[in-house]
Amino acid sequence: MVRIKELINQLKPIFSNAMNSLDVPESIWLPLLGKATVEDHGDVALPCHSLAGILKKAPQEIAKQISELVASDLQSIAIVSSMSGFVNITAKPEWLSNRICILLADPRLGVSVDQKKTFVVDYSAPNVAKEMHVGHLRSTVIGDTIVRMLEFKGHNVIRENHVGDWGTPFGMLIEHLLDLGEDRAADELGVGDLDSFYKQARSKFVSDEEFANRSRSRVVLLQGGDAETLRLWRILVNESMRYFNEVYSMLGVMLTDDDIRGESSYQELLPEVVDRLRESGDLEQSDGADVVFPGGWVNREGEPLPMIIRKADGGYNYSTSDLACIIDRVERLGCDGFLYVVGTPQKQHFEMVFQVAKKAGFMSHNHQAVHVNFGSVLDTDGKVLKSREGEVIKLHDLLEEAIWRAEQSIDDKNPDLLGKEREEVARAVGIGAVKYADLSTERTKDYVFDWEKMLSFEGNTAPYLQYAYARISSIFRKWGGDRQSLTTSFESLMDSEFSNLRDEEILLSRRLVEFPSILDDSVSTFSPHKLCKHLHSIASSFASFYENCGILKEDIEAVSQRRLALCEVTSRELKLGLEMMGINVPERM
RNA sequence: GGGCGUGUAGCAUAGCCUGGAUAAUGCACCGGCCUCCUAAGCCGGGGACCGCGGGUUCGAAUCCUGCCGCGCCCGCCA
């Protein structure tokens with residue numbers, strides 16, 4: 001439940017007086033004061049049913065009594081009424097306009113700056129020589145949005161892209177590269193045909209003993225730091241990165257080569273993890289491997305589940321690099337929080353890693369380690385979409401298709417858009433739709449990959465929000481006035497009559513005023529969908545306002561100015577909100 | 001077997017942590033609206049025993065519990 005902070009803050013002292021006179025302690029009534037569950041009933045409500053036992057009166061009576069007690073003090077802020085045991089508080093147009101005024105004057109649109117912390121956000125993480133699939137899309141898009149939100153809230157954010165560039169598969173990949181010839185292999189990877197490259201290597205590894213043996217020896221050479229092997233490995237990494245960067249650039253995410261922290265870069269830190277765990281007394285031996293028992297988990301046989309730190313063959317494990325990362329982040333980067341934008345299937349893994357890291361003293365309770373998990377992408381038959389089998393949907397193709405469809409839409413709906421502008425709008429609309437489709441659902445749930453839905457431009461989609469923005473831009477172009485001046489002209493309207501306000505203006509205002517509270521909630525829970533939902537409600541009430549209230553064609557100058565000010569705030573909130581998701585807002589579409 | 005998660009109109013989702021009023025939104029469906037600031041839109045309408053059964057409560061989609069369906073994890077892979 002999100003409350004409008006500013007309104008609650010003003011209501012609190014007034015209710016405090018009333019409740020004191022009834023002898024109801026703050027600890028009881030304050031938590032009850034929340035957002036009205038039915039928008040028509042008001043902005044804030046206080047259900048009184050639970051007070052019946054204390055006050056020995058019917059809830060309806062209590063609500064009535066409280067509303068009478070607060071009525072006079074609330075006069076300048078809100079209208080209060082009681083109904084079936086609820087005290088309902090509806091902010092007055094004067095109060096709403098006051099807030100709108102503050103938003104207009106504030107470049108941050110009323111969003112506060114938090115006490116600065118340093119966050120590491122770990123996201124995207126594609127694998128070298130493997131196609132990026134829809135799962136990477138989720139991680140990349142959600143991670144990027146969280147980064148932008150945290151930065152806007154004033155935090156220092158370090159992006160980390162843990163590219164899978166190390167491990168046993170690289171033996172076979174390098175051997176396959178040699179078989180193909182370096183040039184041809186580079187070509188294949190460069191055009192983004194990663195999946196077939198990987199599959200070819202894989203199938204040879206399974207079917208061809210000689211190839212498999214070469215691959216195994218190649219792994220040893222790689223881990224031993226053999227110069228020629230490293231050079232070949234570098235080709236694989238570079239060509240893949242070139243392709244990933246192309247996808248990133250299409251998507252419009254912030255990741256660059258500077259953010260890459262390949263798994264290979266943690267190799268030197270791994271022995272230290274073992275040493276430290278030995279020192280802290282957590283390390284145990286099991287069948288020749290170094291392990292830690294986090295406790296609380298059992299395997300299929302009911303035995304305690306170990307976390308393997310170093311395998312019997314001396315190799316390290318995934319958990320080991322995650323622990324190394326934590327040490328690096330705490331000691332070198334000095335960060336306060338680390339977020340892992342990784343799928344839900346790895347939930348248990350992260351719980352174990354965090355527990356071990358705390359126990360061994362790699363991080364303290366002051367550190368906030370969060371697995372920002374997201375659900376699996378399912379196929380239409382309800383099965384997990386796998387890149388290994390069947391038709392893989394290449395991210396690159398999906399994005400191109402999205403842009404192409406947007407172009408068709410533009411040609412259909414606005415044939416006047418031509419050339420470069422047409423291209424840019426198509427990009428913003430197409431890519432925006434794909435990103436928004438992913439961001440607008442609650443991230444922890446599995447979702448069915450629906451090509452059509454992802455490319456839809458109707459309903460609760462990015463294009464709907466962009467359309468609202470473009471309409472407002474169009475109004476301002478036509479108006480031709482100075483948008484900055486709206487702030488002062490709106491202030492001067494504050495003393496005038498509010499009786500001619502239409503319902504659509506009031507509803508839009510209420511939603512615009514909620515924006516800072518919603519954004520805060522969205523950031524603190526790492527849930528972009530909450531912001532999406534609110535942006536849609538803003539755009540939707542704007543559309544209704546736009547259809548029903550004349551803006552430039554309104555005869556009364558003061559009313560026209562007031563409506564232009566609402567357009568201004570709407571436009572800026574939509575723009576800021578979409579910018580948080582890295583979605584562009586065209587001036588025309 | 002153990003653990004985690006999930007089930008809301010035909011479909012897709014929000015609400016669940018922190019219980020409150022007539023369960024919200026989009027698609028699809030039905031009926032209206034472009035000589036008028038962009039119809040990617042607006043206005044109106046139908047459609048849900050919130051998986052099923054118990055419990056707690058003045059009050060349960062929300063909390064507890066037992067079933068049922070589905071998914072995932074339990075690798076010396078990452």
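Computed from a predicted model, the values in this text were never measured in an experiment. Letters A, B, ... mirror the listed sequences (proteins, then strands); counts begin at 1.
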Exercise for the section: Kindly point out which of C16(B), A21(B), A39(B) is positioned nearest to the side chain of Val38(A)? Expected result: A21(B)

Practice task
Assign Glu442(A) to base, sugar-phosphate, or nothing according to its heavy-atom contacts below 4.0 angstrom with the strands shown.
Solution key: sugar-phosphate

Problem - Any-strand Watson-Crick or G-U partner of A21(B), both distances under 3.5 Å - result: none

Exercise for the section: Once you apply the 3.5 Å cut-off to both distances, tell me the Watson-Crick or G-U wobble partner of C77(B), or none. Expected result: none

Exercise for the section: Can you tell me the pairing partner of C27(B) across any strand shown, Watson-Crick or G-U wobble, with both distances under 3.5 angstrom? Expected result: G10(B)

Problem - Pair assignment for C42(B), Watson-Crick or G-U wobble, requiring both distances under 3.5 Å - result: G32(B)

Fill in the blank from the handout: Across every strand shown, the nucleotide meeting Watson-Crick or G-U wobble geometry with U57(B) (both distances under 3.5 Å) is none

Practice task
Pull up the glycosidic torsion of C52(B) and say syn or anti, syn being anything within 90° of 0.
Solution key: anti

Problem - Geometric cation-pi criterion Arg483(A) and Phe476(A), 6.0 Å radius, 45° cone - result: yes

Handout entry: C49(B): pairing nucleotide in any strand, Watson-Crick or G-U under 3.5 angstrom
Key = none

Handout entry: Residue pair Glu26(A) / Pro31(A): nearest heavy atoms and the distance that separates them
Key = O-CD, 3.7 Å

Exercise for the section: Report yes if a side-chain nitrogen or oxygen of Asn317(A) is closer than 4.0 Å to either non-bridging phosphate oxygen (OP1 or OP2) of A78(B); otherwise report no. Expected result: yes

Fill in the blank from the handout: Rounded to whole Å, CZ of Arg588(A) lies from C1' of C37(B) at a distance of 15 Å

Exercise for the section: Once you apply the 3.5 Å cut-off to both distances, tell me the Watson-Crick or G-U wobble partner of G71(B), or none. Expected result: C4(B)

Fill in the blank from the handout: Pairing partner of C16(B), by Watson-Crick or G-U wobble and under 3.5 Å for both distances, is none

Handout entry: Nearest-angstrom distance from the residue atom CG of Asn373(A) to P of G5(B)
Key = 10 Å

